*Asks:* 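Below are the structure tokens for one structure; questions will follow.
Scope of the values below: all heavy atoms of this structure, side chains included, with no hydrogens, waters or symmetry mates. Counting convention: from 1, in listed order, for ligands and their atoms alike. The model shown is predicted, which means the values in this text are computed figures rather than measured ones.
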Amino acid sequence: MITVSIIKADIGGYVGHSSSHPACLKLAGSMLSKSKILIDYHVTACGDDLELIMTHNKGEDSKEIHGLAWKVFVECTKLAKKLKLYGAGQDLLKDTFSGNVKGMGPGYAEMTIEERESEPILIFMADKCAPGAWNYPLYKIFADPFNTAGLIIDTEMHDGFTFEVLDVKEDKTILLRCPEHIYDLLVLIGNPSRYVVKSVYRNKDGLIAARSTTTRLSLIAGKYVGKDDPALIIRAQKGMPAVGEVMEGFSFPHLTEGWMRGSHNGPLMPVGLKDSHPTRFDGPPRVICLGFQLANGRLIGPRDMFDDVSFDEVRRQANIAADYMRRHGPFEPHRLGPEEMEYTTLPKILNEMKDKFVSEQGARRNTYKEMRKELEQKVLKKHE
Ligand code: F6R
Ligand code: MG
Ligand code: MG
């Protein structure tokens, strides 16, 4: 059995929150190259997030693997501080490592698999958006035959897939078997700020097909920690959706929470690595995808999957949608609704205004009094 882990953290942005500094990526790579516990690794970045893709035999939630990632993030934070990168150590919320990065700031998705004869895997990484951003494409890929022809044609897939959905408020999960329960599934995942897809399994044999970074979502000090910038691992081909069916799930730049100050809805734009540096209004949200062939745990690749002209039109649509949304300025639904804004600094500002509110009747009375006073003064002046 081989475990594929992606563990990610924002350890400091260059410049602002727009990108990562090459020196940090280099340091992370050199630290992982010295490790004896990995089979293979690949270091990359999406926007201001440092992404460690690793394969090993230690299983999920391994203290050694998580500890290694934590050490890399700590050392990269030290370097980020030296370079005075922006928000250095932003995602490292605890001082000491306690066996697992859950709830400590970094996000992680892990999948333990028996490597098939050929095992293509796709790793999606997004910046300036929330984990619910995967709900729409995961539904398309694993439940919608208009996206995935294999659901109709391939006998291995014809029984459908089961979605594991996390309720981020209650910290509980539910399993929904599709196609039988697609309406129930959509009731939940159509509200991506509360319900997020955590895993997908093939009904025929229970094989894991997808796993996302929702595992890190936990409520700490009244705040959702690690609400931002998710990652996702998907297995493809041979009874799983084909690589092209998985990629097709991203052919519509759907709106997702995130963007500026994590407080706006904006289109998720699929881009090649060279364009994964969100600068317009700190966005719009980006998603990159690296494809690998696993070879006894070795990561053969990567291929920069969105670096393809067939996604040009999706990017253009995303830019048009970004313009359209931006023209709303501070108005909803560009700005997030009150429930999502609860986790920003906005409640503090609302609180400061609290005492200035009067009832509508009182407001009218006050206005009337002021008008009368003004009138009286004018009349008095006339008679002087
Ligand atoms: C969004 C994000 C940025 C910042 C924004 C303000 O996830 O990281 O949009 O929220 O640049 O950053 P501060 O408050 O650090 O100046
Ligand atoms: Mg940042
Ligand atoms: Mg980020």
Side-chain angles (χ1 to χ4, degrees), residues 6-25 28 43-53 69 72-74 76-77 79-81 83-93 101 104-109 123-134 192-193 212-214 216-217 223-232 255-271 273 275-290 322 325-326 329-330 334-336 340-349:
I6 171 158
I7 309 188
K8 48 133 327 225
D10 179 347
I11 51 91
Y14 167 65
V15 171
H17 292 282
S18 69
S19 191
S20 304
H21 197 282
C24 293
L25 270 72
V43 174
T44 190
C46 182
D48 56 6
D49 294 292
L50 176 59
E51 318 266 356
L52 312 178
I53 300 166
V72 171
F73 295 144
V74 167
C76 287
T77 295
L79 176 58
K81 283 189 173 153
L83 300 172
K84 291 188 79 173
L85 298 183
Y86 194 69
Q90 176 180 302
D91 278 354
L92 305 192
L93 304 170
V101 294
M104 298 188 72
Y108 67 100
I123 300 193
F124 293 87
M125 294 152 273
D127 190 32
K128 306 293 181 275
C129 67
W134 304 135
S193 51
S212 77
T213 45
T214 50
R216 74 169 171 155
L217 285 179
K223 272 179 110 171
Y224 285 118
V225 173
K227 209 172 175 308
D228 299 327
D229 309 339
L232 170 71
L255 295 176
T256 170
E257 279 177 21
W259 210 345
M260 176 56 77
R261 299 178 188 276
S263 307
H264 293 81
N265 285 306
L268 185 63
M269 183 190 270
V271 290
L273 277 177
D275 293 316
S276 61
H277 317 284
T279 53
R280 182 184 173 188
F281 200 56
D282 286 357
R286 302 299 152 101
V287 54
I288 58 170
C289 175
L290 294 186
M325 294 304 282
R326 280 301 300 128
H334 180 30
R335 192 181 74 181
L336 299 186
E340 287 77 45
M341 294 299 284
E342 234 175 84
Y343 304 102
T344 69
T345 47
L346 195 73
K348 210 173 142 211
I349 294 174

*Asks:* Who are the residue neighbours of ligand 1 when the rule is a heavy atom under 4.0 Å from any of its atoms?
*Replies:*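 Close residues (ligand 1, cut-off 4.0 Å): His17, Tyr86, Lys128, Trp259, Met260, Arg261, Gly262, Asp282.
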*Asks:* Using a 4.5 Å cut-off on heavy atoms from C-beta on, say whether the side chain of Ile7 contacts that of Val101.
*Replies:* yes
*Asks:* Please walk me through it: do Ser193 and Glu340 pass side-chain hydrogen bond (donor to acceptor under 3.5 Å, both in side chains)?
*Replies:* CA-CA 7 Å; Ser193 51; Glu340 287 77 45; 3.0 Å; yes
*Asks:* I need the minimum non-hydrogen distance between Pro284 and Ala322, along with the two atoms involved.
*Replies:* CG-CB, 4.1 Å
*Asks:* Restricting to non-hydrogen atoms, name the atom on Ala126 and the atom on Asp49 that form the minimum distance, rounded to 0.1 Å.
*Replies:* O-OD2, 4.2 Å
*Asks:* Picking from Ser20, Ser18, Ser19, what satisfies side-chain hydrogen bond (donor to acceptor under 3.5 Å, both in side chains) with His277?
*Replies:*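 That would be Ser19; it is the only one of Ser20, Ser18, Ser19 passing the side-chain hydrogen bond (donor to acceptor under 3.5 Å, both in side chains) with His277.
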*Asks:* Using a distance threshold of 2.8 Å, what protein N/O/S atoms lie below it relative to the Mg ion (ligand 3)?
*Replies:* Asp48 OD1, Asp49 OD2, Asp127 OD1, Asp229 OD2
*Asks:* If you look at every heavy atom in Asn265 and Trp259, which pair is closest and at what distance?
*Replies:* O-CE3, 3.5 Å
*Asks:* So, Arg286 and Asp127, do they make that salt bridge, N to O below 4.0 Å?
*Replies:* no
*Asks:* CG/Leu232 to CD1/Ile123 distance, rounded to the nearest 0.5 angstrom?
*Replies:* 9.0 Å
*Asks:* Can you classify the ring geometry of Phe281 versus His334 as parallel (below 30°), tilted (30 to 60°) or perpendicular (above 60°)?
*Replies:*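 Geometry flag for His334 against Phe281: tilted rings.
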